[in-house]
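Scope of the values below: all heavy atoms of this structure, side chains included, with no hydrogens, waters or symmetry mates. So that the names make sense, note that chain A is the first sequence line, chain B the second, and so on, each numbered from 1.
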2 protein chains.
Amino acid sequence: MENFKLFLNSLTPVSDGEFENYSQYFKDRSLPKNNYFAVQGKICQEVAFIKKGTLRTYYLNEKSEEVTSCFCTENNLTTSYKSFVSQQPSELSIQAIEDTELLVIDYRDLQNLYQKSSVWQNIGRIIAERQYMVMEQYANVLCNETAKEKYLRLLKEEPSILNKASVNDIASYLGVTRRTLSRIRKEITQ
Amino acid sequence: MENFKLFLNSLTPVSDGEFENYSQYFKDRSLPKNNYFAVQGKICQEVAFIKKGTLRTYYLNEKSEEVTSCFCTENNLTTSYKSFVSQQPSELSIQAIEDTELLVIDYRDLQNLYQKSSVWQNIGRIIAERQYMVMEQYANVLCNETAKEKYLRLLKEEPSILNKASVNDIASYLGVTRRTLSRIRKEITQ
DNA sequence: TGTATTAAAGGACAAATGTCCTCGAAATTA
DNA sequence: TAATTTCGAGGACATTTGTCCTTTAATACA
């Protein structure tokens, strides 16, 4: 819970009282490796704070290949954001790639929080704004960096991912094929 | 003003009274072709609703080439969102590519609106959520579609852009070079 | 334990895209 | 109007990336 409090306070000041009053809305959940937090085609009804572990967000493209769009790491949130916000079926699946511990809140409870507390409403807006900035960054990277630059960025910013995820997942995350990733790795180790 | 009201109501119900009370915060502004709404390196202090016209959002990459990241069209919002939200210098410039009419609100007034009215606070969150979804869509397109598919998508979804923007701007928006765009266009007209 | 399956590396060739260039049309300016 | 500049199309070749395939190692399973 402590890390969750720190996370919230990094967004906007949350008093201890405010936190105590509402943190009960968040439920503990274990998600063993390979289990799903969200499934394509179903409405994603929950948001979770990741206490421990890593998840992978992916969807199936028109060739039914899994395309990894995001790795979700410790002390961050995870959800199929678009599905959650719009309450429409999710285009994404979210799967634990190692044993994971979550703090979960569902859509209805979160809307209640928004009603009851302007602090939480504020948090909701700030998170949406943050999510946007992260996505903008991701889009810029995709647009402007070569495969090699993208790999080096991942190596620098999220090196732990490289041990936890498969070559396939990393490649699709970087927007290249396995073959290209293999070439890049060879080039770098020389 | 009527279109602005329609725009807001497409996000969340806004009563006439609520609209009348607060729409005075938004000021009319004309932006002739080639003039700037936001400039790289300066904090973007405003958001605008585009009554008429088109703007182009771009930044300079490491080779000092302009990379167009967005075309902003009528009856939508424009701002250097990240700069506005975080109140940090903008990485983007926003320039009118034809004579443009705006409804503008500045950061301080918008924060006031958020304080005064939970309807507006709600609008703020919903807009952030929408911005995210648009950006997610953009990132997916960049990641998964070929240059030709991206061009055809633009042709279908925002054909007016193709007449208004230069080949250079369209190419950088699609994440390809002028040369590739030229090839695509030739292929399509056959 | 031995067999089957899956995952990663990398060879050979094909396709897509980029770089550098020229040409001509259109727009701008003297 | 004539000269100059800008912009878009496209040729030639280089580079990057993808596709398909084989080999090897690791993992799962009967």
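Looking at heavy-atom distances under 4.0 Å, B:R178 makes no contact with the nucleic acid at all.
Between C:dA9, C:dA12, C:dT17, one nucleotide has an atom nearer to the side chain of A:R183 than all others, and that is C:dA12. When distances run from any side-chain atom of A:S182 to the nucleotides C:dT17, C:dA8, C:dG10, the shortest one goes to C:dG10.
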Give the table of side-chain donor-acceptor pairs shorter than 3.5 Å for residues 154-161 of chain B, with sequence neighbours excluded, one pair per line with atom names and distance.
residue: B:E157; atom: OE2; partner: B:R153; partner atom: NH1; Å: 3.1

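For the helix from C:dT1-D:dA30 to C:dA30-D:dT1, the end axes, each set by the C1' atoms of five terminal pairs, are bent relative to each other by 40° (nearest 10°).
Every residue two or more places apart in sequence or in another chain that forms a side chain to side chain donor-acceptor pair (under 3.5 Å) with B:E187 is listed here: B:K148.
A salt bridge is defined here as a Lys NZ or Arg NE, NH1 or NH2 lying under 4.0 Å from an Asp or Glu carboxylate O, and B:D99 with B:K52 fails to meet this definition. Salt-bridge formation is not detected for the pair B:D106/B:K27: no Lys NZ or Arg NE/NH1/NH2 atom is positioned less than 4.0 Å from an Asp or Glu carboxylate oxygen.
Each of A:F49, A:Y22, A:Y25 was scored for a ring pair (Phe, Tyr, Trp, His ring centres under 6.0 Å) with A:F4, with one residue passing: A:F49.
Protein chain B contacts DNA chain D from D:dG8 to D:dA12, reading 5' to 3' and using non-hydrogen atoms of the protein with a distance under 4.0 Å.
A:L31 belongs to a hydrophobic cluster whose remaining members, ordered by chain and number, are A:F37, A:I50, A:L55, A:I94, A:L102, A:V104; membership requires side-chain heavy atoms of ILVMFWY residues under 4.5 Å apart, directly or through intermediates. Other residues sharing the hydrophobic cluster of A:V134, ordered by chain and number and joined by side-chain separations under 4.5 Å: none, the residue standing alone.
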